[in-house]
Engineer: 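Can you read through this structure? Questions will come right after.
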Amino acid sequence: MIRKYRFGNPFNTEAVVQDLPVEEGAPAFLVIEKGDENGAVITYSMDESTRVYGLGENVRGINKRGYKYISNNTDDPNHQEDTRSMYGSHNFLLIEGQERFGLFIDYPSIITFDIGYERCNTLEISCDHMDLDLYIITGETALDIVKQFRVMIGRSYIAPKFAFGFGQSRWGYRTDEHFREVARLHRENHIPMDMVYMDIEYMEAFKDFTVNPEAFPDFPALVQDLKEDNIRLIPIIDAGVKIEEGYDVYEEGVEKGYFCKRKDGSNFVATVWPGETHMPDFLNKDARKWFGMKYKVLLDAGIEGFWNDMNEPALFHTPERLAELREILDKYPDGFDLADYDSPEIGLQKAINAIANNPEDYKLFYHNVDGEMVNHAEVHNLFGYNMTRAAGEAFEELKPDQRVLMFSRSSYTGAHRYGGIWQGDNKSWWSHVLMNLQMLPSLNMNGFLYTGADIGGFLSDTTRDLVLRWLALGVFTPLMRNHSCDGTRLQEFYRFEGPEDFRSVISARYRLIPYIYSEYMKAALKDEMMFKPLAFVYPEDEVAVDVEDQMMLGNEVMIAPIYKQNAMGRFVYLPEDMMLVKFLADGSIYTEEMAQGIHYIKVALNEVPLFIRKGCCIPVAEKAECVADINTENLTVLGFEGASYEMYEDDGVSKDYDLEKYIRVISK
Ligand code: MIG
């Protein structure tokens, strides 16, 4: 049961697709009060046993209790325990205690979720304006509540099947030759692969929808040659459009008034990778359509997928912020003493620190929403969502019968209908493997099914064992991509000793694609989660409800990745009898039935473990080096005698997802 309440005059985010009546009276469970000025403060009294799930993209545990989080889309590459805001805002909570309900707050700007941080038993949600839609969802189980929420926000984006293969990425590949070499070295080393990602260096001077003609003398030929080898190139698109005379995207945008404007009507300027840029007004329908259609030039060159970046939007600085800094510098023509540097009177340090992503800059520009000028700060969290939407809506028009791969960095609930997201700039840290796992269910709750993290870690130098262990988790996530930052240790699998170990781990993915793809499709089509906390599946089991480092994958499998250096194995809790399956380095599969309870399992660096639930079975294919070569006719069925499995299989390209013929029952 969903109840919708309206306070004030909320901005229509279009996160929700269901048309629900607005209830009279006060919502159950909550106390809603006016805060300072026109602010809203929403509180809920938790009991000792209350667990709080959700909030999509955020650090810390699956159970979010005990910390304070802020929805405020931010390009902050330091994901640490004290990070309060990441790239996306997903204001859905699921509360499970003496009372059980879901809570969605549709609010487009900064909103704080204090989940027992100031006061241990109080959940307090606050924001600056009492203009919001609030939804209370009740149901028999956590899964039922999530499903109602997902129906309410609309069907999740469905990726093409090739995107379930492995993708290699590196900020630094910049020429035709680099991309051919990455493809060749994977094929030569028999490391399965389906995609190579193109980061910003492929463009001409970082101009969106251009390809550097010197580095790529015949771009369509490169795309075609790699495709013949079943490898797709996936270019990045950044939010900011370079200011440059003669650049068509810039000139058209200016002429049509499609860029975000300052109060005085001039185009807002911010420096990002291309230098000074204008920000497309993605909240303006016409501008969104115009920008989306620009992807055509790359689709026409044979491209079938993209990733959208810098769309919080990230701002290195604005002329306004530079002027502030310059003023301080000009006051001290002879420079500074060391002691002056962080003196509050002078403010130099503060001005330097405040130069990027400054909240004051977000107040400087406006969107044209159906003719009304809306200050960006009031709708800040919707920018990346609407960039993804620009692409998604254009793909519907340009490729009505073909799925196009799309995922974004920034997002808001609603963006899940147009694309996936990746988890942003993580580090080559062991703790980030666990973070990768823990974020999956909260993203799924918010409809983001096509997701994954930068395997091996984006920032800082990785290690061989970290890449292998991270990969052994990545084999389960729909988006499976090795990505790293320019200047860090090279981390393509073939850079390390013993590439055969990487080959054997990644082979498990390709053998599991019939299952992973099928579970993804079923989750998308039925508005369900693909990754579920154990607590959602075994709510009566008091050990299972606290498990933070194992996850249910689909309806048949539990995963328990290793995320500690030098660990030869790990303890695993089985909430019921299960079958341990290990993909071994020699290509064979080890199975062992295990009783409910705690077990220590040994897992070598080149192995992939999973557990099959009692009474279930899963399909496993032979090895393949690309998705197109997976033989789904000749499947092995692993699991318990007498079990059967409904496998979803289609051509992976077309959009008639709901046909019965795509379901086939296989049995053990
Ligand atoms: O300011 O395009 O998160 O994946 O490699 C950094 C360069 C911009 C941030 C993305 C990252 C990408 C990088 N980008």
Side-chain angles (χ1 to χ4, degrees), residues 150 154-169 192-198 227 230-237 295 298-299 303-309 385 387-389 391-396 398-409 411 414-423 440 443-444 446-455 474-483 509-510 512-531 553-554 626-628 630 632 648-658 662:
R150 290 274 304 281
R155 179 176 278 183
S156 294
Y157 162 78
I158 293 176
K161 194 170 183 185
F162 72 76
F164 289 78
F166 168 70
Q168 174 59 42
S169 188
M193 183 170 73
D194 274 85
M195 290 160 285
V196 188
Y197 285 83
M198 309 185 85
K227 215 184 280 189
N230 285 304
I231 293 171
R232 264 104 173 159
L233 287 173
I234 312 294
I236 195 170
I237 302 293
Y295 288 80
L298 291 165
L299 292 171
I303 293 297
E304 295 176 45
F306 303 87
W307 48 311
N308 281 349
D309 190 21
Y385 157 26
M387 180 181 181
T388 305
R389 185 171 174 180
E393 286 173 341
F395 299 156
E396 276 302 321
L398 296 166
K399 298 273 175 196
D401 305 316
Q402 188 194 328
R403 300 177 216 173
V404 177
L405 174 61
M406 162 51 49
F407 60 91
S408 168
R409 192 170 70 180
S411 63
H416 70 285
R417 299 192 296 269
Y418 306 98
I421 53 174
W422 89 100
Q423 295 182 1
L440 294 169
L443 290 176
N444 278 197
N446 273 280
F448 294 99
L449 296 180
Y450 191 78
T451 187
D454 291 349
I455 291 168
V475 297
F476 298 113
T477 58
L479 167 60
M480 182 197 201
R481 179 175 79 142
N482 174 346
H483 180 46
R509 162 62 161 236
Y510 280 75
L512 283 165
I513 282 181
Y515 179 70
I516 290 170
Y517 180 70
S518 175
E519 287 306 299
Y520 174 92
M521 292 304 291
K522 289 196 285 184
L525 299 179
K526 294 192 217 159
D527 303 296
E528 288 173 357
M529 296 168 72
M530 181 175 173
F531 291 96
L553 159 56
C626 60
V627 170
I630 296 172
T632 56
Y648 183 99
E649 193 196 358
D650 61 7
D651 65 4
V653 178
S654 46
K655 296 180 179 172
D656 50 0
Y657 311 115
D658 296 288
Y662 295 143

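Hydrogens, waters and symmetry mates play no part in the numbers below; they use all other heavy atoms, side chains included. Since the structure is predicted, the reported quantities are computational estimates derived from the model, not experimental observations.
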Engineer: Which atoms form the tightest heavy-atom contact between Ala391 and Met406, and what is the distance?
Structural biologist: CB-CE, 3.7 Å
Engineer: Please round to the nearest 0.5 Å and tell me the distance separating atom OH of Tyr157 and atom OH of Tyr418.
Structural biologist: 13.5 Å
Engineer: Distance check, rounded to the nearest 0.5 Å: Ser518 atom OG versus Leu512 atom CG?
Structural biologist: 12.0 Å
Engineer: Would you say that Ile237 contacts Met387 through its side chain, given a criterion of any heavy-atom pair below 4.5 Å between the two side chains?
Structural biologist: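 Yes, close enough: below the 4.5 Å cut-off.
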Engineer: With a 3.5 Å distance limit and no angle check, can you tell me whether Ser156 reaches the backbone of Gly447 through a side-chain donor-acceptor pair?
Structural biologist: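 Checked: pair present.
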Engineer: Would you say the side chain of Phe162 lies within less than 4.5 Å of the side chain of Leu405, judging by non-hydrogen atoms?
Structural biologist: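 Result yes, sub-4.5 Å side-chain heavy-atom pair found.
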Engineer: Could you report the tightest heavy-atom contact between Tyr662 and Ser654, atom names first, then the distance?
Structural biologist: OH-OG, 4.4 Å
Engineer: Is a donor on one side and an acceptor on the other found under 3.5 Å between the side chain of Asn444 and the backbone of Phe531?
Structural biologist: yes
Engineer: Where do Glu304 and Gln402 land on the side-chain contact (heavy atoms from CB on, under 4.5 Å) test, with the steps shown first?
Structural biologist: CA-CA 9 Å; Glu304 295 176 45; Gln402 188 194 328; 3.6 Å; yes
Engineer: Quick one: pull up CD in Gln168 and CD1 in Ile234 and give me the separation to the nearest 0.5 Å.
Structural biologist: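 So the gap between those two atoms works out to 13.0 Å.
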Engineer: Is the closest side-chain heavy-atom distance between Arg417 and Tyr385 below 4.5 Å?
Structural biologist: yes
Engineer: Please tell me if the side chains of Leu553 and Met530 come closer than 4.5 Å, counting only heavy atoms from C-beta onward.
Structural biologist: yes
Engineer: Between Lys655 and Ile158, is a side-chain contact (heavy atoms from CB on, under 4.5 Å) present by the stated rule, with each step listed?
Structural biologist: CA-CA 9 Å; Lys655 296 180 179 172; Ile158 293 176; over 6 Å; no
Engineer: Do the non-hydrogen side-chain atoms of Val475 and Met480 ever get within less than 4.5 Å of each other?
Structural biologist: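 Result yes, sub-4.5 Å side-chain heavy-atom pair found.
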Engineer: Side-chain contact test, heavy atoms from C-beta onward, threshold under 4.5 Å: evaluate it for Thr451 versus Leu479 and give yes or no.
Structural biologist: no
Engineer: Which heavy-atom pair separates Arg150 from Asn446 by the least distance, and what is that distance?
Structural biologist: CD-C, 4.3 Å
Engineer: Which distance, rounded to the nearest 0.5 Å, do you find between the CZ of Phe476 and the CG of Leu440?
Structural biologist: 11.5 Å
Engineer: To the nearest 0.5 angstrom, please state how far the OG atom of Ser408 sits from the CG atom of Asp309.
Structural biologist: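 Reported value, rounded in 0.5 Å steps: 8.0 Å.
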Engineer: Which atom names give the shortest non-hydrogen contact between Thr388 and Gly419, and what distance separates them?
Structural biologist: CG2-N, 4.0 Å
Engineer: If you measure from the Lys or Arg side-chain nitrogens to the Asp or Glu carboxylate oxygens, is any gap between Asp454 and Arg481 under 4.0 Å?
Structural biologist: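 A salt bridge is present here (some side-chain N lies under 4.0 Å from a carboxylate O).
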Engineer: Any donor-acceptor pair under 3.5 Å linking the side chain of His416 with the backbone of Gly154?
Structural biologist: yes
Engineer: Over all heavy atoms of both residues, which pair between Lys227 and Arg232 is shortest? Give the atoms and the distance, please.
Structural biologist: CG-NE, 4.5 Å
Engineer: Does a side-chain heavy-atom distance below 4.5 Å link Tyr510 with Ile630?
Structural biologist: yes
Engineer: Is a salt bridge present between Arg509 and Asp194, judged by a nitrogen-to-oxygen distance below 4.0 Å?
Structural biologist: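 Not counted as a salt bridge, because no side-chain N and carboxylate O are separated by less than 4.0 Å.
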Engineer: Which atom names give the shortest non-hydrogen contact between Ala628 and Asn230, and what distance separates them?
Structural biologist: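 Scanning both residues, the minimum pair turns out to be CB-OD1, 3.6 Å.
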Engineer: Decide if the gap between the ring center of Phe306 and the ring center of Phe395 is smaller than 6.0 angstrom.
Structural biologist: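 Under 6.0 Å, so yes.
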Engineer: Measuring from atom OG of Ser411 to atom CG of Asn308, what distance do you get when rounded to the nearest 0.5 angstrom?
Structural biologist: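 So the gap between those two atoms works out to 11.5 Å.
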Engineer: Using ring pair (Phe, Tyr, Trp, His ring centres under 6.0 Å) as the criterion, list what pairs up with Phe164, not counting sequence neighbours.
Structural biologist: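 Partners of Phe164 under the ring pair (Phe, Tyr, Trp, His ring centres under 6.0 Å) test: Tyr450, Tyr517, Tyr520.
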Engineer: Evaluate the side-chain proximity of Tyr657 to Met521: yes if any heavy-atom separation is below 4.5 Å, no if none is.
Structural biologist: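 Side-chain contact under 4.5 Å: yes.
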Engineer: Can you list the steps and then say if Leu525 with Tyr648 is a side-chain contact (heavy atoms from CB on, under 4.5 Å)?
Structural biologist: CA-CA 11 Å; Leu525 299 179; Tyr648 183 99; 3.6 Å; yes
